Amino acid sequence: QKRFTPPQASVEKRVSEIICEVTPLVITPEQVSYSVGSRTVSLKIPSVLKSELQNQKTVILDRLVKEMGVKNAPKTIL
């Protein structure tokens, strides 16, 4: 059986939507980049906002695991 992994663009879109739901920050999909091989999300936002997101990092990653599954969800947010 082949397992489908979500495309890079859909992961980036969903990450930006979850960040907007969980935090008061507004992040667009263009500010999110996802590396499929390392399953790492990097955000192109100011460092002040990144430090604000560190508090909600586990909540965001848990939501992604619930929606995409353990094997397909991003592991880290930079």
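Quick note: residue numbers are just sequence positions, from 1. On a predicted model such as this, the values are computed, not experimentally measured, just so you know.
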Locate the shortest heavy-atom distance separating [X] from [Y]; write the atom from each residue and the value.
| X | Y | result |
| --- | --- | --- |
| Ala73 | Arg39 | O-NE, 3.0 Å |
| Val32 | Ser16 | CG2-CB, 4.1 Å |
| Asn72 | Tyr34 | O-OH, 3.7 Å |
| Ile18 | Arg63 | CD1-CB, 4.0 Å |

Leu64 side, atom CG; Lys75 side, atom NZ - distance, nearest 0.5 Å:
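Answer for the CG-NZ pair, Leu64 versus Lys75, is 14.0 Å.
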From CD (Gln56) to CD1 (Ile77), nearest 0.5 Å
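The distance works out to 10.5 Å.
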Set of residues satisfying side chain to side chain donor-acceptor pair (under 3.5 Å) with respect to Thr40, sequence neighbours excluded
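Side chain to side chain donor-acceptor pair (under 3.5 Å) list for Thr40, sorted by chain: Ser38, Thr76.
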The criterion is side chain to side chain donor-acceptor pair (under 3.5 Å); which residues satisfy it with Gln54, sequence neighbours excluded?
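So Gln54 forms no side chain to side chain donor-acceptor pair (under 3.5 Å) with any residue.
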Note, [X] side chain near [Y] side chain (heavy atom, < 4.5 Å):
| X | Y | result |
| --- | --- | --- |
| Leu25 | Cys20 | no |
| Leu53 | Ile60 | yes |
| Leu78 | Val41 | no |
| Glu30 | Glu12 | no |
| Ser35 | Gln8 | no |

Please check this pair: side chain of Gln31 against backbone of Leu43, looking for a donor-acceptor N/O pair closer than 3.5 Å.
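Side chain of Gln31 to backbone of Leu43, a donor-acceptor pair under 3.5 Å: no, none is there.
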Heavy atoms from other residues, nucleotides or ligands near NZ of Lys50 exceed 12 (cutoff 6.0 Å):
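Yes, NZ of Lys50 has more than 12 neighbouring heavy atoms, counting only those of other groups under 6.0 Å.
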For Glu52, does the CD atom have more than 12 heavy-atom neighbours from other residues, nucleotides or ligands under 6.0 Å away?
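No, because the 6.0 Å sphere around CD of Glu52 holds 12 heavy atoms or fewer from other groups.
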Kindly work out whether a path of hydrophobic side-chain contacts (I/L/V/M/F/W/Y, heavy atoms less than 4.5 Å apart) joins Val65 to Val15.
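No, it is not one cluster - the side chains of Val65 and Val15 are not joined through contacts under 4.5 Å.
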